[in-house]
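All of these numbers come straight from a predicted model, not from anything done at the bench.
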Amino acid sequence: MVGERYEVEVGPVAHGGHCVARHEGRVLFVRHALPGERVVAEVTDGTASSKFLRADAVEVLEPAKERVTPPCPYAGPGLCGGCDWQHATPGAQRKLKAAVLTEQLRKLAGLTPEQAGWDGSVEPAPGDKLPAGEVPAWRTRVQYAVDQVTGRAGLRRHRSHEVVPVERCLIAAPGVQELGIEQRDWPQIATVEAISATGSSDRAVILTPVEGGRLPIVELDRPVSVQRIDDHGGVHRVHGRNFVRERAAGRTWRVSDGGFWQIHPAAAETLVGAVLAGLAPREGENALDLYCGVGLFAGALADRMGEGGAVLGIESGKQAVADARHNLSDLIEEKRVRIEVGQVEKLLPRTGISETDLIVLDPPRSGAGRELVAHLASLGARRIAYVACDPAALSRDLGFFATAGYRPVSLRAFDLFPMTHHFECVAILEPASGE
């Protein structure tokens, strides 16, 4: 049914960067549309037997008042799949994200916004309120795909391996844009990841050659470190450092081999601030930082809990653990922080820890899951901070926490991925028996 066109009334927003419409009883998930519009939707994925179809709004017959012309020439049907909402005002984008979170809380956790302790808003990141038509240049890490015919770097179409060559990505941070990745050829390279650190001048590119491909001589418009990914996913230093230095929460953080760090330049400070405000750490308390990465929350907690406090961080990535131990070496030496390597679900029960005061839980997009939630609830923490990048996983896990005796007392949502459907949440939970 790909290519079929239907005139439809666009219904509510759904999780994933699209809206719901119906044609003759069949559900269509329509991108590039807004609730309340009337559009011509062209099917992009699905057959006559599919339960639902995916489609693009290729013609807008009755536009919503929140619709704007996308600032980026590569945003639209059949073009770059990186942004979902460039056709909506920034305020409308945040309302769409709020509607998604509201629906996920209702459907998966059985909670209203009031019951979740949420005021119903998605907060813009500091510095992101710009005049109409301007786009926040927030993305400090961009992974470009390379067109194997032309050798030019670009971004992939939505749900496709096809590469859309671009002259400039508007949401790329200035430190990424100034490298000039899009202006040169990348022969025998499959992907180019560009990294621009926040709080330092460090720049890096991580190259993945095609199978059997050789690395080109990399000459970019700014000094840059170069790393290569081998056929087994290993990262090797080619030129310069194998890490970048990030700055947040009063510390400098080493992040090696393209390891995880929040992409928006304001994200780390924003999330640390929300976690600390929600947990209100006290002198001498104990805490767990689960999926701790390079140690951001562990360090912030230890600094607040003083010399008598202690934090255990657990992370499965060996290089991230090495970075965390480097970043927090002073606190580790003082025995205020310990970082262990392993899968949280397996390692935490083996630690013998039976109680703790505070927990920071920052799992991957898939969430924590029923078994881990039950184990965390058994530790009797007075407060748990759940940092989530997926509203569905968060809502599902809040349901598990409710079964295990914990309830959210506050929830904040942050628009740390403008122009896309993604956003971050910080939920603070307490024992329900405390009511």
Side-chain angles (χ1 to χ4, degrees), residues 85 90-91 93-98 100-101 113 116-130 135-141 171-176 195-200 244-253 255 259-281 287 289-304 313 327 358-365 383-391 393-394 408-429:
W85 299 121
Q93 293 179 38
R94 292 191 289 273
K95 288 180 180 178
L96 291 168
K97 296 179 185 190
V100 168
L101 180 54
W118 176 43
D119 67 4
S121 71
V122 175
E123 304 172 38
D128 277 357
K129 283 194 170 184
L130 298 174
V135 175
W138 58 270
R139 195 173 185 97
T140 60
R141 295 175 177 226
I171 65 171
V176 170
I195 299 172
S196 166
T198 299
S200 81
V244 296
R245 295 163 298 176
E246 304 282 359
R247 185 75 186 168
R251 288 178 175 267
T252 297
W253 306 88
V255 184
F260 177 78
W261 186 261
Q262 288 287 343
I263 299 175
H264 194 294
E269 292 283 4
T270 298
L271 296 175
V272 165
V275 166
L276 292 180
L279 292 181
D289 180 9
L290 306 180
Y291 309 94
C292 71
V294 300
L296 176 65
F297 294 117
L301 281 169
D303 286 341
R304 286 284 292 269
N327 295 331
L358 302 172
I359 298 172
V360 178
L361 178 63
D362 187 8
R365 185 168 297 278
R383 284 186 182 169
I384 298 172
Y386 189 142
V387 182
C389 61
D390 184 86
L394 169 65
V409 292
S410 76
L411 174 62
R412 296 175 68 185
F414 301 96
D415 191 14
L416 300 178
F417 306 89
M419 305 293 152
T420 79
H421 74 271
H422 300 288
F423 56 101
E424 291 271 349
C425 295
V426 175
I428 305 298
L429 297 97

Practice task
Calculate, to the nearest 0.5 Å, the distance between atoms CH2 and NE2 belonging to Trp138 and His264 respectively.
Solution key: 7.5 Å
Exercise for the section: Look up atom CH2 in Trp253 and atom CZ in Arg245, then write down how far apart they are to the nearest 0.5 Å. Expected result: 15.5 Å
Handout entry: Beyond-backbone contact of Val255 with Ile195, side-chain heavy atoms, under 4.5 angstrom
Key = no
Exercise for the section: Using the test side-chain contact (heavy atoms from CB on, under 4.5 Å), find all partners of Gln93 that sit at least two apart in sequence or belong to another chain. Expected result: Trp85, Ala88, Met419
Problem - Reference residue Asp415; test salt bridge (charged side-chain N to carboxylate O under 4.0 Å, His left out); the match among Lys97, Lys129, Lys95 - result: Lys97
Just list the side-chain donor-acceptor pairs under 3.5 Å for residues 265-275, sequence neighbours left out, or say none.
{"unit_1": "Glu269", "atom_1": "OE2", "unit_2": "Ala249", "atom_2": "N", "d": "2.9"}
{"unit_1": "Thr270", "atom_1": "OG1", "unit_2": "Ala266", "atom_2": "O", "d": "2.7"}

Problem - Verdict with reasoning, Leu101 to Val122, per side chain to side chain contact (heavy atoms under 4.5 Å, CB included) - result: CA-CA 9 Å; Leu101 180 54; Val122 175; 5.7 Å; no
Exercise for the section: Look at the side chain of Arg383 and the backbone N and O of Gly278, then say whether any donor-acceptor pair between them is shorter than 3.5 Å. Expected result: yes
Handout entry: Side chain to side chain, Pro281 and Leu276, heavy atoms closer than 4.5 Å
Key = yes
Problem - Least distance between heavy atoms, Ala248 atom then Trp261 atom - result: CB-CZ2, 4.0 Å
Problem - Gap separating the CD atom of Glu246 from the OG1 atom of Thr198, nearest 0.5 angstrom - result: 5.0 Å
Handout entry: Validation row: Val387, Phe297 side chains within 4.5 angstrom (heavy atoms)
Key = yes
Practice task
List in chain and number order the residues that pass salt bridge (Lys or Arg N to Asp or Glu O under 4.0 Å) with Asp303, two or more places apart in sequence or in another chain; answer none if no residue qualifies.
Solution key: Arg251
Exercise for the section: Answer yes or no: is there a side-chain heavy-atom contact under 4.5 Å between Tyr386 and Cys425? Expected result: no
Handout entry: Distance, nearest 0.5 Å, that separates CD1 of Ile263 from CZ of Arg141
Key = 7.5 Å
Handout entry: Separation of Asp289 CG from Asp362 CG (nearest 0.5 Å)
Key = 7.5 Å
Practice task
Please report the shortest heavy-atom distance between Arg365 and Cys389, naming the atom on each side.
Solution key: NH1-O, 3.2 Å
Fill in the blank from the handout: Distance col, row Leu279:CG vs Ile359:CD1, nearest 0.5 angstrom, shows 9.5 Å
Problem - Test item: Arg94 side-chain N/O and Ser121 main-chain N/O as donor-acceptor pair under 3.5 Å - result: no
Exercise for the section: Give a yes or no answer on whether the side chain of Asp128 reaches the backbone of Pro418 with a donor-acceptor pair at less than 3.5 Å. Expected result: no
Handout entry: Nearest heavy-atom neighbours spanning Ala388 and Leu394
Key = CB-CB, 3.7 Å
Handout entry: Closest heavy-atom pair and its distance - Phe423, Ala413
Key = CD1-CB, 4.2 Å
Exercise for the section: Say whether, by atom type as modelled, one donor and one acceptor occur between the side chain of Ser200 and the main chain of Ala197 under 3.5 angstrom. Expected result: no
Exercise for the section: Indicate the atoms forming the closest heavy-atom contact of Ala116 with Leu411, along with that distance. Expected result: O-CB, 3.5 Å
